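Since the structure is predicted, the reported quantities are computational estimates derived from the model, not experimental observations.
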Amino acid sequence: MRAFDFFGGVPGTIVLDNLKAGVVKADIYDPTLNRAYAEMERHYGFVADPAKVASPKLKGKVERNVGVMRRHLLAGRRFRDVDEANERALRWCKEEIGMEIHGTTKMKPYEVFLSEELSRLRPLSPERFQCPTWKKCTVHPDHHVVFDRSYYSLPTRFIGAGVWVRGDERFVRIFLDSELIRTHCKAQSAGTWVTDRSDYPPEKLAYLLPDRTVCLARAADVGPRTEAVVRKILGGNGMRHLRKAQAILRLGDKYGKQPASDRALTLGNLEYRAIKRILESGLEGIPDPKPATAPLSPLGMSFLRDPSYFIPDKEVFA
């Protein structure tokens, strides 16, 4: 793209080496182009023609220019930054190496470009190409794919499917084979969940709404004791504990209308696994064992063993 800008146009054909940024599968008859590179080909209207594999003679003169650049432009020089290096390279191309008599053509390359080649280039597209990122993803059971460290939803029927995800500066588009199945606005920061609620079936949607009031309303419908448990869980950091509250409500579907509440509140243990164990063991409704209330004697608090084990002037450790 920078080369197109430099030359002020686009050639009809580009012969490219089989680098992964351009060619996924090298084949003289049926090469597979990188998806982003293929989009750029269509945008600028040129033909991408991958070079024949293991045939360096077909591109020898091109690679020869790399050595010329190293010796004439870079050798023995230091640049303050990349901007200074680019400025020096531009001047070198147009005023120095570009104005030397070429060994094969016996002409000055830059003059030939201006007089003969520039007019043959295709005009640049008025809209600059926005290079996308493509990634093969799997739709996870939570209805989302992971792309560029954020999460994008898809309908239930696509769970488990392998899809292609295309991201640019504004949008994330998801394809199954060649069919566009979902478009999302791109997340502005990593770790963002971009979810279309219509992707979930109604029976799952209630558990996934990021709304504290919905969870409390469901708990109140179950019963006052369950509401007290859920309200206590959501009291601190509601969003952080929302998933736990939803899981506790689902326990009611399995073990009965009233999930563990009285016993959990009495013991002060509102961990999900503790409440689940209470229900699995059938302990809800069974009175709690009372802790011993008899105070320890001063000697019992001071010694690990009974004081009778100690005799004058000698300690016996039985």
Side-chain angles (χ1 to χ4, degrees), residues 1 16 18-44 47-48 50 53 127 129-212 214-215 218 239-254 272-273 276:
M1 291 165 57
L16 66 156
N18 292 285
L19 70 167
K20 290 299 183 182
V23 183
V24 176
K25 178 184 176 183
D27 188 283
I28 187 62
Y29 301 113
D30 297 302
T32 302
L33 295 183
N34 178 292
R35 287 175 176 258
Y37 197 97
E39 280 194 47
M40 184 181 68
E41 177 192 33
R42 293 191 295 270
H43 179 87
Y44 285 106
V47 175
V53 177
E127 182 179 353
F129 179 66
Q130 300 295 329
C131 189
T133 300
W134 284 86
K135 182 182 178 183
K136 187 69 177 290
C137 300
T138 299
V139 185
H140 295 289
D142 62 4
H143 290 70
H144 289 74
V145 294
V146 182
F147 177 76
D148 197 20
R149 298 182 296 166
S150 288
Y151 310 88
Y152 300 89
S153 68
L154 282 168
T156 305
R157 65 182 180 276
F158 297 113
I159 290 177
V163 296
W164 278 100
V165 184
R166 179 194 184 276
D168 55 32
E169 293 182 354
R170 298 179 57 196
F171 299 104
V172 169
R173 294 179 173 88
I174 306 174
F175 297 82
L176 181 62
D177 298 326
S178 58
E179 179 188 359
L180 177 64
I181 57 177
R182 174 68 76 220
T183 299
H184 290 286
C185 290
K186 188 175 183 181
Q188 297 303 305
S189 59
T192 301
W193 290 76
V194 183
T195 303
D196 185 340
R197 295 180 180 179
S198 65
D199 289 338
Y200 290 97
E203 65 272 17
K204 290 187 177 181
L205 186 59
Y207 291 108
L208 297 163
L209 293 175
D211 190 345
R212 180 176 180 272
V214 171
C215 210
R218 285 182 54 81
M239 290 305 296
R240 189 178 72 204
H241 296 306
L242 182 62
R243 180 173 293 180
K244 180 168 75 170
Q246 293 167 342
I248 290 174
L249 289 174
R250 287 195 292 271
L251 289 175
D253 299 335
K254 182 175 182 180
Y272 169 77
R273 289 179 178 80
K276 185 179 180 181

To check you understand the geometry: which heavy-atom pair defines the closest contact between Y37 and A48, and what is its length?
CE2-CB, 3.9 Å
Output for pair (N34 CG, W134 CH2), nearest 0.5 Å, gives 10.0 Å
Atom CG in D199, atom CG in D142: separation rounded to 0.5 Å?
11.5 Å
How many angstroms lie between atom OG of S150 and atom NE2 of H144, to the nearest 0.5 angstrom?
10.5 Å
List the steps, then state whether side chain to side chain contact (heavy atoms under 4.5 Å, CB included) holds for V145 with K135.
CA-CA 10 Å; V145 294; K135 182 182 178 183; over 6 Å; no
Might you point out which heavy atoms bring M1 and M40 nearest each other, and give the distance in Å?
CG-SD, 3.7 Å
Under the side chain to side chain donor-acceptor pair (under 3.5 Å) test, residues paired with R166 that sit two or more places apart:
E39, D168
In a table with atom names and distances, give each donor-acceptor pair under 3.5 Å that connects a side chain of residues 20-27 to protein atoms at least two apart or in another chain.
| unit_1 | atom_1 | unit_2 | atom_2 | d |
| --- | --- | --- | --- | --- |
| K20 | NZ | V24 | O | 3.2 |
| D27 | OD1 | Y29 | N | 2.7 |
| D27 | OD1 | D30 | N | 2.8 |

From I174 CD1 over to L154 CG, what is the distance, rounded to the nearest 0.5 angstrom?
4.0 Å
Over all atoms of both residues, closest heavy-atom pair of V194 and C185
CG1-O, 4.0 Å
Grab the two heavy atoms, one from H143 and one from P201, that are nearest each other, plus how far apart they are.
NE2-CD, 4.0 Å
How long is the span from the CZ atom in F175 to the CH2 atom in W164, to the nearest 0.5 Å?
11.5 Å
For P132 and A36 the tightest heavy-atom approach is O-CB, 3.7 Å
If the plane angle is over 60° it's perpendicular, under 30° parallel, otherwise tilted; pick one for H184 and Y152.
tilted
Do side-chain atoms of S153 reach the backbone of D196 as a donor and acceptor pair under 3.5 angstrom?
yes
Mind running side chain to side chain contact (heavy atoms under 4.5 Å, CB included) on I28 and V53 for me, showing each step along the way?
CA-CA 8 Å; I28 187 62; V53 177; over 6 Å; no
Working to the nearest 0.5 angstrom, can you tell me the gap between L16 CG and L33 CG?
7.0 Å
Minimum heavy-atom distance L176-F158, with the two atoms named:
CD2-CE2, 3.8 Å
